[in-house]
Trainee: 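One structure, as structure tokens, below. Some questions next.
The residues of the chain are indexed from 1 along the displayed sequence.
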Amino acid sequence: NVVIIDENVEVAEKLRSEEFTVRVGNGGKVDFLRSSGAENAKIVVAATGDDDTNLLVAQLAKSNFDVEKIIARVNEPENVEGFNELDVETVSSSMSVALTIDNLIERPAISDWMTELGRSGDVQEIEVTDEGLVGMRIEEVDEGLPEGCIIALVSRNGENTVPESEFELEYGDHLTVLGRTEAVREAIETLHPHD
């Protein structure tokens, strides 16, 4: 569940028409963040075009809410260090552009696929919390997945692995599922039946 906070009423209405949950207000106010659900959030993302605002939201989230992760957009590369000192994960606008250009040159097929992704495909990550999956091998899990999707990556304790068929799942592993949109949706339902 995602809640978007924006001060612009027109932007909020447009996003609501696209079926997003939007709160109109100032994300730089602790009470507004709290009333918008930040207390129960796993992740807070500060993604405005202003680094000072993003830093303020990151600081408020860090000092007032027990969130697992804080991510901030950094518009000016020289400000990245200030965010890193707060232990905030950053997305630098200029770095993102550089990586996109690098992908277009070095990995054109992947770049094309990522562009297509929103239309016909999807990539989702889930955490293994269902005891029924713990101890299963990837080949056993694959047998229960719909055609058109695969488990492409398993993340465990910060280490990413392209799993072989004998790879055994543990509680807390993160599985990256990729494929056709509908197949990925069905796979998530199969792997996370209680969500």
Side-chain angles (χ1 to χ4, degrees), residues 1-4 15 18-22 37-47 61 65-73 84 87-93 95-195:
N1 295 327
V2 176
V3 176
I4 299 171
L15 290 168
E18 295 171 10
E19 299 186 12
F20 289 100
T21 302
V22 186
E39 245 174 355
N40 302 315
K42 288 184 178 178
I43 300 170
V44 169
V45 179
F65 308 110
D66 186 27
V67 296
E68 293 176 13
K69 186 183 289 190
I70 301 169
I71 302 170
R73 170 183 171 185
N84 290 341
D87 198 26
V88 170
E89 291 189 37
T90 58
V91 177
S92 166
S93 302
M95 200 58 183
S96 295
V97 171
L99 287 171
T100 300
I101 291 170
D102 183 55
N103 281 335
L104 284 167
I105 295 167
E106 297 293 332
R107 294 164 285 282
I110 293 222
S111 186
D112 290 346
W113 182 75
M114 291 299 286
T115 302
E116 267 302 304
L117 194 57
R119 290 189 278 272
S120 61
D122 197 5
V123 177
Q124 292 290 326
E125 182 178 303
I126 67 153
E127 185 177 0
V128 174
T129 56
D130 184 335
E131 293 292 343
L133 291 174
V134 174
M136 287 184 75
R137 295 188 316 277
I138 286 294
E139 65 183 351
E140 296 172 310
V141 177
D142 280 342
E143 288 172 8
L145 295 180
E147 294 241 357
C149 72
I150 61 168
I151 296 173
L153 197 66
V154 178
S155 301
R156 178 182 294 164
N157 301 323
E159 299 273 327
N160 297 319
T161 305
V162 175
E164 296 181 6
S165 59
E166 295 298 313
F167 188 95
E168 206 170 280
L169 295 179
E170 293 181 4
Y171 190 90
D173 284 349
H174 286 253
L175 310 180
T176 301
V177 181
L178 74 91
R180 289 182 297 101
T181 303
E182 194 53 44
V184 170
R185 190 174 295 126
E186 287 176 37
I188 297 302
E189 286 297 317
T190 301
L191 297 169
H192 243 214
H194 306 300
D195 280 5

Trainee: When rounded to the nearest 0.5 angstrom, what is the spacing between CD in E125 and CD1 in I188?
Mentor: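 If I round to the nearest 0.5 Å, the distance is 9.5 Å.
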Trainee: Looking at side-chain heavy atoms only, is the closest gap between F65 and V44 below 4.5 Å?
Mentor: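 Side-chain contact under 4.5 Å: no.
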Trainee: Side chains of L133 and D173, heavy atoms from C-beta outward: is any pair under 4.5 Å?
Mentor: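 No; the side chains remain at least 4.5 Å from each other.
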Trainee: Distance from H174 atom NE2 to N157 atom CG, nearest 0.5 Å?
Mentor: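 Atom-to-atom, H174:NE2 and N157:CG are 9.5 Å apart.
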Trainee: Could you tell me if the side chain of K42 sits less than 4.5 Å from the side chain of K69, heavy atoms only?
Mentor: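 Not in contact.
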Trainee: Pick out which of L169, D130, I126, T129 makes a side chain to side chain contact (heavy atoms under 4.5 Å, CB included) with L191.
Mentor: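 Considering L169, D130, I126, T129, a side chain to side chain contact (heavy atoms under 4.5 Å, CB included) with L191 is found only for I126.
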Trainee: Using a 6.0 Å cut-off, check whether atom CG of D66 has over 12 heavy atoms from anything other than its own residue.
Mentor: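 Atom CG in D66 is not packed in, count stays at 12 or less.
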Trainee: Write down the atom of A152, the atom of P163, and the distance for their closest heavy-atom approach.
Mentor: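 Minimum heavy-atom contact is O-CD, 3.7 Å.
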Trainee: In terms of heavy-atom contacts, does CD of E147 have more than 12 from other residues, nucleotides or ligands at under 6.0 Å?
Mentor: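 No, CD of E147 has 12 or fewer neighbouring heavy atoms, counting only those of other groups under 6.0 Å.
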Trainee: Minimum heavy-atom separation for V184 and C149, please, with both atom names.
Mentor: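 Closest heavy-atom pair between V184 and C149: CG2-CB, 4.1 Å.
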Trainee: Just wondering, more than 12 heavy atoms not from N160 lying within 6.0 Å of its CG?
Mentor: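 Yes.
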Trainee: Quick check for you: to the nearest 0.5 Å, what is the distance between E166 atom CD and E140 atom CD?
Mentor: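 Nearest 0.5 Å value for the CD-CD distance: 8.5 Å.
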Trainee: Would you call R180-E182 a salt bridge at under 4.0 Å N-O?
Mentor: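 No, R180 and E182 are not salt-bridged.
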Trainee: Taking the side chain as every heavy atom from C-beta outward, state whether I43 and V67 have any pair of such atoms under 4.5 Å apart.
Mentor: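 Side chain of I43 against side chain of V67, heavy atoms only: no contact under 4.5 Å found.
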Trainee: With rounding to the nearest 0.5 angstrom, report the CG to CD1 distance, L145 to I150.
Mentor: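 Here the rounded value is 10.0 Å.
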Trainee: If I take atom CZ from residue R137 and atom CD from residue E168, how far apart are they, to the nearest 0.5 angstrom?
Mentor: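 So the CZ of R137 and the CD of E168 are separated by 7.5 Å.
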Trainee: Using a 4.5 Å cut-off on heavy atoms from C-beta on, say whether the side chain of V134 contacts that of V128.
Mentor: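 Of all side-chain heavy-atom pairs linking V134 with V128, at least one is under 4.5 Å.
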Trainee: Compare all side-chain heavy atoms of T90 with those of N84 and state whether any distance is below 4.5 angstrom.
Mentor: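 Yes, close enough: below the 4.5 Å cut-off.
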Trainee: Within the 4.5 Å heavy-atom criterion, are V2 and T21 side-chain neighbours or not?
Mentor: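 They are not in contact (no side-chain heavy atoms under 4.5 Å apart), so the answer is no.
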Trainee: Within the 4.5 Å heavy-atom criterion, are V162 and L153 side-chain neighbours or not?
Mentor: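 Touching, per the 4.5 Å side-chain cut-off.
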Trainee: What distance separates D87 CG from I70 CD1, expressed to the nearest 0.5 Å?
Mentor: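 That separation rounds to 8.0 Å.
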Trainee: Mark yes when over 12 heavy atoms from residues, nucleotides or ligands other than E164 sit less than 6.0 Å from its CD; otherwise mark no.
Mentor: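 Not more than 12 within 6.0 Å, no.
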